[in-house]
Amino acid sequence: MPSRATRTVRTPAASRSLRTQHFVSLLDLSPAELADVLTAGLALKKERARGVRSYGATALAGQHVALLFEKPSLRTRCTFEIAVRELGGDVIAPPQDVAMGEREPIADVARNLERWVSGVVIRTFAQDRLVEFATAAPRLHVVNALTDEEHPCQALADLLTLREQFGEVQGLTVAFVGDGNNVAASLAQGALMLGMHVRLATPVGYEFSDEIAAQLRGVARQGATLEVMRDPKAAVTGASAVYTDAWTSMGQEAEAQQRRKVFAPFQVNEALMQAAGDAVFMHCLPAHRGEEATDEVMDGPSSIIFDQAENRLHAQKALLMLLMGRSQ
Ligand code: CP
């Protein structure tokens, strides 16, 4: 297993360099572009820590970004707001009661915003809503801040954190224990694109659909593999990272009691982390402490959960800079 070490990064140009107009999925990036975003994020993090004026400080000068959130958020909302401002842009936050699709059609909301802002960061329900929005406003840059199916900005931060911890991630194994949800899907997409091995340990019925599993295997590069397993202990053995998320995601509250029963054997506790050996522990947050993970693990020496939260900022700054930044 590679040792944990911070990779030296070169400073990239602070201008747009991604081919995609929108970032509705991690699959909008090529593996090389994904690696570039992570490299830029690490460089931005270093510069911010040194307190110097970042090379990206004016990348979004004169641009506005709308933060359109239809679900609650702490990390995503705060880090996007800081990211836009630190890149020299400004944010607006349309009220939640714009109720896309109820008060007026999603496409009309998009066409209005397209006249005022350069980018829209959206947290919504079905991925189709996001795609409909992006399709209606091709001049905008639309960024997925979580849908029921994908959470690509979280995956950027997670992969950046793994790069920070291990230097090179190709060949590493990440074990996701729990629900095969949006966080798991985006993490698996990115990890497989970068040559990592992904193990997903879920109860029956909570794994990736056949369609998603086939899509994931299709994006795997450099010998990366995807294994779907039922035994959490087998999944974490020899892994470099053990990842879990809440058993009940936003919108599934009615299933919470049933899910607590089904997922109980998949709790990440000290015994499971011991089986994993030297692995780091990851969680996207918010957590239901005592359910999917114990306090001992969340607050233990292997936990890098707040590094992940911090890295939301650096990864998203890099994304915005390379997606919509202007040459300086
Ligand atoms: N991990 C994450 O997306 O956190 P928030 O829901 O607080 O944005």
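Remember, it's 1-based here, ligands and their atoms both numbered in the order they're listed. A quick note: this is a predicted structure, and the numbers were derived from the prediction, not measured.
Contact check for Gln267 versus Thr294: side-chain heavy atoms found under the 4.5 Å cut-off. Inter-residue side-chain proximity for Leu146 and Lys71 is flagged as met; some heavy-atom pair is nearer than 4.5 Å. Contact annotation: the side chain of Arg312 approaches that of Cys153 to within less than 4.5 Å [non-hydrogen atoms, C-beta and beyond]. In this structure, Leu27 and Gln215 have side chains that are in contact, with non-hydrogen atoms separated by less than 4.5 Å.
In terms of polar-atom proximity, defined here as any N/O pair under 3.5 Å, Leu146 makes no such contact with ligand 1. Every N/O-N/O distance between Pro286 and ligand 1 stays at or above 3.5 Å. Residue-to-ligand polar distances place Thr76 within reach of ligand 1: an N/O pair is separated by less than 3.5 Å.
At a heavy-atom distance under 4.0 Å, only backbone atoms of Leu285 (N, CA, C or O) approach ligand 1.
Arg75 NE, 2.9 Å is the protein heavy atom nearest to atom 4 (O) of ligand 1. Scanning the protein for heavy atoms near atom 6 (O) of ligand 1, the closest one is Arg123 NH1, 2.8 Å.
Grouped with Val177 in one hydrophobic cluster are Val236, Val242, Phe266, Val268, Leu272, Met273, Phe281, Leu285, Val297, Met298, Ile305, Phe306, the linkage being side-chain heavy-atom contacts under 4.5 Å among Ile, Leu, Val, Met, Phe, Trp and Tyr residues.
For ligand 1 and His151, the ligand atoms under 4.0 Å from any heavy atom of the residue are 2 (C), 3 (O). The ligand atoms of ligand 1 that sit less than 4.0 angstrom from a heavy atom of Arg312 are 1 (N), 2 (C), 3 (O). Listed by number with element, the atoms of ligand 1 under 4.0 Å from a non-hydrogen atom of Leu74 are 5 (P), 7 (O), 8 (O).
The backbone N or O of Asp307 sits less than 3.5 Å from a side-chain atom of Asn311, completing a donor-acceptor pair.
Nearest heavy atoms, Val37 versus Ala315: CG1-O, 4.1 Å.
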